[in-house]
Novice: 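Quick one: this structure, given as structure tokens, is what I'll be asking you about.
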Amino acid sequence: MLEKTFNPAEVEAKHYARWEQGGYFACNPDSKAAPFTIMMPPPNVTGSLHMGHALTFTLQDVLVRYERMRGRDVLWQPGTDHAGIATQMVVERQLAEKGIVLQRLGARANLQTIGRAAFVEKVWEWKRESGGTIIRQLRRLGASADWARERFTMDEGLSQAVRKVFVDLHRQGLIYRDQRLVNWDPKLHTAISDLEVEAREVKGHLWHLRYPIDGEEGRYIVVATTRPETMLGDTAVAVHPDDARYKDLISKNVRLPLVGRLIPIVADEHADPATGSGAVKITPAHDFNDFEVGRRHGLSMINIFDADARLNDNVPTAYRGLSREEARKRVVADLEAAGLIDKVESHQLTMPYGDRSGVVIEPWLTDQWYVNAAKLAEPAIAAVETGRTRFVPEQWTATYFQWMRNIQPWCISRQLWWGHQVPAWYGPDGEIFVAMDEAEAAAAAARHYGKATVLKRDEDVLDTWFSSALWPFSTLGWPEKTRELARYYPGDVLVTGFDIIFFWVARMMMMGLHFMGEVPFGTVYIHALVRDEFGHKMSKSKGNIIDPLELIDKYGCDAVRFTLAALAAPGRDVKLAASRVEGYRNFATKLWNAARFCQVNGCLPDPAFDPSRCRQQVNRWAVGRIVDLARRVDQALAEFKFNEAAHALYHGVWGEFCDWYLEFAKPIIAGADADAIVETRAAVAWALGQLLHLLHPFMPFITEELWQQVLDGKTPLIVAAWPSYDPNLTDRAATAELDWIVQLVSEIRAVRAEMNVPPAAQLPATLGDAGPEAEARLANHGELVCRLARLTEIKPGGSAAGAVQVVVEGATVMLSLAGHVDVDKERARLSKEIDRVAGEAGKIERKLANSDFVAKAPPEVVQDQRERLAEAGAAHAKLSSALQRLASFR
RNA sequence: GGGCGCGUAGCUUAGCGGUAGAGCACUACCUCGACACGGUAGGGGUCACAGGUUCAAUCCCUGUCGCGCCCACCA
């Protein structure tokens, strides 16, 4: 006997262990079934499960379980990402707490510092101890990934793939080394890519500086800047070639204040006559625009910052060693003192911040490795244009194109220690040897130099996303030609959030197409962000974070999963409130109790039961409802409408199975007809079983538990066959008849409540104005109606005396309310109903009277309106005669 | 500066050419042998606003107002 309520914790642990031990999560390359592949977006090893993870992995698990039940050979490839910067920061912080500093941060070697090899070993140590957290948490979510195939982006195999991709792209000229401005993070001491820079609006100032024209005493050119400290690195002033104000100054020089350097005034279209003074200072080494201007005019590039963004020795002594902020104050003060500040204005500007470090990014001139992304993007754009990969919802296609068509070179080198070290070696003269390993590089160097030469390996590591971009094939064994690679690439669906379309999706497309010659996945399903119930982004600082594990502990995993699925309407953010989870916890309890009813009433599966052969109409009706539900779930999932599938299931279980079918079944089971009892018990058990199947992808634990404990399921539900029916299973007559009974019972109940009849009162009822169909239906189900509507009897020969009259399609039911009915109130109620029906009929009549409508609307719509008018007319007639009958009473 | 999305019941929202649905909250009644994490019934919506297209608009188009996000080097 089941407990009174569902106790999730115990059941979750039990079934998860059994599933995993049973090998049900594993793919089977030998299978004859069609494969179904989902590549799990590898969470950061440093991570712990947040709501975004819970959403994305729930949706993936729903798809995976669904396809597994449909008989596909499912591979859900799991793993974690080494998350270069994030992990490096975590371990650095831990070491710092012990007073240990990395030598890479400029510290000198001593007892308190640690070198590269030792640090990397520390990170692996950390990974062994703490890196499994997120995977354990994923298991608590019920994720049925193929854990035996778990991969890590720093695994030997995956590292090999990274090296090969680097070497191949380099050989093809698609990876190259270049000196240009990069986004330099002065806190982390590394270059970062454009995508890792976050533009923030900040309030600042616009300083208008006077630069004295050389050789023209007392004449100045005014330039405006938001960063006065960079003037120390100026190497020109630019004006627009057509700007009349400055024409005579072009190719003259200015004497750079504070520095004394002579710098030219150049003509360049970059200077906008309409902005500021129309003249702009040029600092090629510290501004992306100025860099271009500098290149065009062959200006020297003076780097004034060190790696910490402090001023270096290229500035006058007074400023050396100052931070950017200190330097700004000093420069402004000194210019002020020299009378060289024309004016200062408040100014709103966008500043670049490092998304991980949170400090202002400095454009800095360095040598880095770049990927020619524009070239790789071409086939990736074409693949989406031709529909080989499609985005769901479709609107993300535009986002993808917009970015891909304007893609910039991808800076892939990072000045960190944790990550894939760049497979490049340098000779004494700077010659570069890119190779799979040191031996290969040495051999190449020997050929190049004609003798063995000592090489130095590139210190940098690669952007984490470089290895993630290979995930769809590197996890399958590439570059080896494995069976898995042949079978599971390309994947079917990629499920992920919009925030990593550029970081990850686009790059997998590029790499997959380049190295595999085929897109990595056919469909990209993009879901939205999880926000709090008010629509705010969850963040630690706001303190509005909802921890999925706490929710799981409190309400059960099934409730959390179902909530996320039910709220995951395509293209909409998920606004999560605990009350929703509570509601779906209640739903799980409702299902539990329905199963308990089955258990108590002997509703067990009967091998002889055939849903197409039911003799009881209520059972035929129930079969039809299940068939319809399965159809709706299939369709919703085919379109990734998880919310629609969840709502259909909720209503099917609660609104149909519990509210009506079990109530229909009760009198039969308690009755005397032995055949009917046998059939109904079996039918109820069958229907429950079907519901458990349909619900399993969303609520795996409770369904598995009930399947095994109540329905004696021998095959675990996780690998049971997904329901699929002959459409002829639906008995339309039975459906119509029982739907009518539902309507009748609802109407009677409503009237009873409206008339304040005590719920417990059993009343006799009679039938009037009934057509043959209604009479037949009541002959079949009269007792049922009596039971559900609390009537003592319902027989022909209606009398309106002391009765309320309930009008339904095809009949009027007179409820004898001796003592309860108030004739005036009943008259008012009927009049109101008549008005309502008349109003509706009037509306339809006007529509049908419109010749344009009849001529232009589709025939079925016109027909439908005619039918509705007829129904309204019939109801009107019945209600009118009901009112008429009342006239004979006071 | 470009691009995308969203304004539907008190809250969260589904629907997206032809009767506006749901969950929570709310009201009344109900210990009826599965379930009070429950049952039965009920109230509550000029579908942001203004034009247009159409026989017909919450749904399509245009504009206005209000929110949000993404991309972008404007001094």
Side-chain angles (χ1 to χ4, degrees), chain A residues 2 4-6 181 194-195 199 206-208 223-227 238 270-272 275-283 287-292 347 349-350 352 363 393 395-396 398-399 401-403 406 498-499 501-502 528-529 531 533-535 537 555 559 563 566-567 569 571-577 579-580 582-601 641 643-644 647 650-651 655 658-659 662 666 670 746 749-754 756-760 788 790 840 843-844 847 850-858 860-862 864-865 868:
Chain A
L2 293 174
K4 207 170 169 187
T5 52
F6 172 49
L181 289 188
D194 298 343
L195 288 176
L206 196 57
W207 284 270
H208 295 253
V223 295
T225 180
T226 55
R227 296 196 60 194
H270 164 64
D272 176 4
T275 306
S277 64
V280 57
K281 64 192 266 316
I282 301 296
T283 322
D287 181 283
F288 289 99
N289 283 316
D290 294 2
F291 181 78
E292 295 303 323
H347 187 69
L349 71 160
T350 51
Q395 75 216 40
W396 293 109
T399 306
F401 282 145
Q402 198 195 341
W403 190 70
N406 298 297
F498 61 81
D499 49 331
I501 291 179
F502 306 145
L529 240 53
R531 299 172 178 278
E533 59 188 301
F534 308 108
K537 211 167 170 171
Y555 299 109
T563 306
L567 295 180
R572 265 231 190 216
D573 283 341
V574 173
K575 291 185 197 158
L576 188 74
S579 62
R580 294 301 290 257
E582 191 182 337
Y584 291 116
R585 188 273 319 265
N586 296 351
F587 173 62
T589 308
K590 185 75 182 176
L591 176 69
W592 183 263
N593 278 294
R596 202 156 163 262
F597 170 88
C598 295
Q599 196 178 48
V600 171
N601 288 281
K641 292 179 177 171
N643 59 322
E644 283 187 13
H647 287 132
Y650 186 93
H651 184 252
C658 293
D659 287 350
L662 291 184
K666 278 174 187 174
S746 301
R749 283 170 173 174
V751 169
R752 287 180 61 126
E754 200 176 334
N756 293 323
V757 178
L788 298 179
R790 294 196 170 254
E840 199 188 324
K843 232 161 78 179
I844 303 172
K847 215 181 242 190
N850 181 343
S851 56
D852 279 337
F853 171 70
V854 181
K856 293 179 180 169
E860 62 271 21
V861 170
V862 177
D864 184 53
Q865 294 294 316
R868 284 184 53 209

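Quick note on labels: first sequence line is chain A, next is B, and so on, each numbered from 1. We use all heavy atoms of the structure for the numbers below, so side chains are in, but hydrogens, waters and symmetry mates are not.
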Novice: Mind checking A/Gln865 for me? I need base, sugar-phosphate or nothing, with any heavy atom below 4.0 Å counting as a touch.
Specialist: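 Sugar-phosphate contact only - A/Gln865 comes under 4.0 Å of backbone atoms but never of a base.
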
Novice: When you check the phosphate oxygens OP1 and OP2 of B/C37, does a side-chain N or O of A/Lys4 lie under 4.0 Å from one of them?
Specialist: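 For A/Lys4, the contact criterion (side-chain N or O under 4.0 Å from OP1 or OP2 of B/C37) is not met.
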
Novice: Given atom CD of A/Glu754 and atom P of B/U40, what is their separation to the nearest angstrom?
Specialist: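 It is 18 Å, rounded to the nearest whole Å.
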
Novice: If you only use heavy atoms from C-beta on, which nucleotide in B/A41, B/C71, B/G5 is closest to the side chain of A/Ser746?
Specialist: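 Taking heavy atoms from C-beta onward, the closest nucleotide is B/A41.
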
Novice: Figure out the CG/C1' separation between A/Leu195 and B/A72, and round it to whole Å.
Specialist: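 Rounded to whole Å, this separation is 13 Å.
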
Novice: Taking only the C1' atom of each, what is the distance from B/G51 to B/G44 in whole angstrom?
Specialist: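 30 Å, rounded to whole Å.
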
Novice: Within the structure shown, what part of the strands sits under 4.0 Å from A/Asn850 by heavy-atom distance: base, sugar-phosphate, or nothing?
Specialist: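 Touches sugar-phosphate only.
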
Novice: What's A/Cys598 touching, base or sugar-phosphate or nothing? Going by heavy atoms closer than 4.0 Å.
Specialist: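 Nothing, no heavy atom under 4.0 Å.
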
Novice: Closest approach to the side chain of A/Lys666, judged atom by atom: which nucleotide of B/G5, B/A41, B/A34 is it?
Specialist: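 Closest nucleotide among those given: B/A34.
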
Novice: What's A/Val861 touching, base or sugar-phosphate or nothing? Going by heavy atoms closer than 4.0 Å.
Specialist: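 Base: the residue A/Val861, judged by heavy atoms under 4.0 Å, touches a nucleobase.
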
Novice: Quick check on B/U19: is either OP1 or OP2 less than 4.0 Å from any side-chain nitrogen or oxygen of A/Arg868?
Specialist: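 A/Arg868 to B/U19 OP1/OP2: side-chain N or O found under 4.0 Å.
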
Novice: Have a look at A/His347 and say if it touches a base, only the backbone sugar-phosphate, or nothing, with a 4.0 Å heavy-atom cut-off.
Specialist: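 Touches sugar-phosphate only.
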
Novice: Would you mind reporting whether A/Arg580 and A/Lys575 have side-chain heavy atoms less than 4.5 Å apart?
Specialist: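 With C-beta onward as the side chain, the pair stays apart.
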
Novice: Do you know which two heavy atoms are closest between A/Trp592 and A/Thr5, and how far apart they sit?
Specialist: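 That closest heavy-atom pairing would be NE1-C, 3.6 Å.
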
Novice: With rounding to whole Å, what would you report as the distance between B/C73 and B/U64 at their P atoms?
Specialist: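 About 28 Å, rounded to a whole number of Å.
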
Novice: Name the closest nucleotide to the A/Asp659 side chain, picking from B/A14, B/U40, B/A34.
Specialist: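 Selected nucleotide: B/U40.
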
Novice: Which nucleotide wins on minimum distance to the side chain of A/Glu840, given the candidates B/A34, B/G15, B/U19?
Specialist: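 For the A/Glu840 side chain, the nearest candidate turns out to be B/U19.
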
Novice: Return yes if some donor-acceptor pair links the side-chain N/O of A/Arg752 with the main-chain N/O of A/Pro758 below 3.5 Å, else return no.
Specialist: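 A pair under 3.5 Å: yes.
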
Novice: Touch check for A/Pro363, heavy atoms < 4.0 angstrom, all strands: base, sugar-phosphate only, or nothing?
Specialist: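 Nothing, no heavy atom under 4.0 Å.
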
Novice: With under 30° as parallel and over 60° as perpendicular, where do the rings of A/Tyr650 and A/Tyr584 fit, or are they tilted in between?
Specialist: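 A/Tyr650 vs A/Tyr584 ring planes: perpendicular.
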
Novice: Of the candidate nucleotides B/A41, B/A36, B/A34, which contains the atom at the shortest distance from the side chain of A/Ala750?
Specialist: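 Closest nucleotide among those given: B/A41.
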
Novice: Taking all non-hydrogen atoms of both residues, which atom of A/His270 and which atom of A/Val280 are closest, and how far apart?
Specialist: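 Closest pair (atom of A/His270, atom of A/Val280, distance): CD2-CG1, 4.1 Å.
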
Novice: Considering every strand and a 4.0 Å limit on heavy-atom distances, what is the contact class for A/Lys843: base, sugar-phosphate, or nothing?
Specialist: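 Counting heavy atoms under 4.0 Å across all strands, no contact is made by A/Lys843.
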
Novice: Whole angstrom is fine here: how far is it from CZ in A/Arg749 over to C1' in B/A41?
Specialist: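 Distance check: A/Arg749 CZ to B/A41 C1' gives 10 Å.
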
Novice: Starting at the 5' end of RNA chain B and moving along, which residue's nearest nucleotide shows up first, A/Ala279 or A/Val600?
Specialist: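 On the 5' side of the pair lies A/Val600.
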
Novice: Can you check the A/Phe587 CZ to B/C24 P distance for me, whole Å?
Specialist: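 Distance, rounded to whole Å: 12 Å.
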
Novice: Picking from B/G18, B/C74, B/G5, which would you name as closest to the side chain of A/Thr350?
Specialist: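 When the side chain of A/Thr350 is considered, B/C74 is the closest of B/G18, B/C74, B/G5.
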
Novice: Mind checking the C1' distance from B/C16 to B/G7? Whole angstroms is fine.
Specialist: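 Each nucleotide's C1' atom is 15 Å from the other's.
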
Novice: Which is true for A/Thr399 with a 4.0 Å heavy-atom rule: it touches a base, it touches only sugar-phosphate, or it touches nothing?
Specialist: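 It contacts nothing in the nucleic acid.
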
Novice: Between B/C73, B/A41, B/C35, which one does the side chain of A/Arg596 approach most closely?
Specialist: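 Nearest listed nucleotide: B/C35.
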
Novice: So what does A/Arg227 hit on the nucleic acid, given a heavy-atom distance under 4.0 Å: a base, only sugar-phosphate, or nothing?
Specialist: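 The residue A/Arg227 makes no contact with any strand.
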
Novice: Taking all atoms of both residues into account, what is the closest heavy-atom pair of A/Phe597 and A/Lys666, and its distance?
Specialist: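 Distance-wise, the nearest heavy atoms are CE1-CE, 3.5 Å.
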
Novice: Starting at the 5' end of RNA chain B, which residue's closest nucleotide do you reach first, A/Val574 or A/Thr5?
Specialist: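 Between the two, 5'-proximity favours A/Val574.
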
Novice: Return yes if some donor-acceptor pair links the side-chain N/O of A/Arg749 with the main-chain N/O of A/Arg790 below 3.5 Å, else return no.
Specialist: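 Between the backbone of A/Arg790 and the side chain of A/Arg749 there is no qualifying donor-acceptor contact (under 3.5 Å).
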
Novice: What dot-bracket string describes RNA chain B from 5' to 3', counting Watson-Crick and G-U wobble pairs whose defining distances are under 3.5 Å, with [ ] for crossing pairs and | for pairs to another strand?
Specialist: (((((((..((((....[..)))).(((((.......))))).....(((((..]....))))))))))))....

Novice: Does B/U13 have its OP1 or OP2 closer than 4.0 Å to a side-chain nitrogen or oxygen of A/Lys575?
Specialist: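 True: A/Lys575 side-chain N/O within range (under 4.0 Å) of B/U13 OP1/OP2.
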
Novice: Considering only side-chain heavy atoms of A/Ser579, which listed nucleotide, B/C24, B/G18, B/C37, is closest?
Specialist: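 Closest nucleotide among those given: B/C24.
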
Novice: Just checking A/Phe502: base, sugar-phosphate only, or nothing, at a heavy-atom cut-off of under 4.0 Å?
Specialist: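 The residue A/Phe502 makes sugar-phosphate contact but no base contact.
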
Novice: Measure the distance from CD1 on A/Ile844 to C1' on B/G18 and round it to the nearest whole Å.
Specialist: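 From A/Ile844 CD1 to B/G18 C1': 11 Å.
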
Novice: Please determine, for the side chain of A/Gln402, which listed nucleotide (B/U40, B/C73, B/G3) has the closest atom?
Specialist: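 Nucleotide nearest to A/Gln402's side chain: B/G3.
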
Novice: Between A/Thr275 (side chain) and A/Ala271 (backbone), is there a donor-acceptor pair under 3.5 Å?
Specialist: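 No: the side chain of A/Thr275 does not pair with the backbone of A/Ala271.
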
Novice: Among B/U12, B/C35, B/G18, which is the nearest nucleotide to the side chain of A/Lys590?
Specialist: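 Of all the options, the side chain of A/Lys590 is nearest to B/C35.
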
Novice: Identify whether any heavy atom of A/Ala595 sits under 4.0 Å from a base atom; if not, whether one sits that close to sugar-phosphate; answer base, sugar-phosphate or nothing.
Specialist: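 No contact at all - A/Ala595 keeps every heavy atom at 4.0 Å or more from the nucleic acid.
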
Novice: Is A/Ala857 touching bases, backbone alone, or none of the nucleic acid, heavy atoms closer than 4.0 Å?
Specialist: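 The residue A/Ala857 makes base contact.
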
Novice: Whole angstrom is fine here: how far is it from CG in A/Asn593 over to P in B/G39?
Specialist: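 The answer, rounded to whole Å, is 10 Å.
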
Novice: Counting only N and O atoms by type, is there a donor-acceptor contact under 3.5 Å from the side chain of A/Asp864 to the main-chain atoms of A/Glu860?
Specialist: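 No; judged by distance alone, with no hydrogens or angles, the pair does not exist.
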
Novice: Nearest whole Å is fine: how far is B/C32 C1' from A/Arg752 CZ?
Specialist: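 It works out to 12 Å between those atoms.
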
Novice: From NE2 of A/His647 over to C1' of B/U13, roughly how many Å is that when rounded to an integer?
Specialist: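 These atoms are roughly 8 Å apart.
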
Novice: Has the side chain of A/Arg585 got a donor or acceptor that lies under 3.5 Å from a partner of the other kind on the base of B/C37?
Specialist: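 Yes, a donor-acceptor pair under 3.5 Å.
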
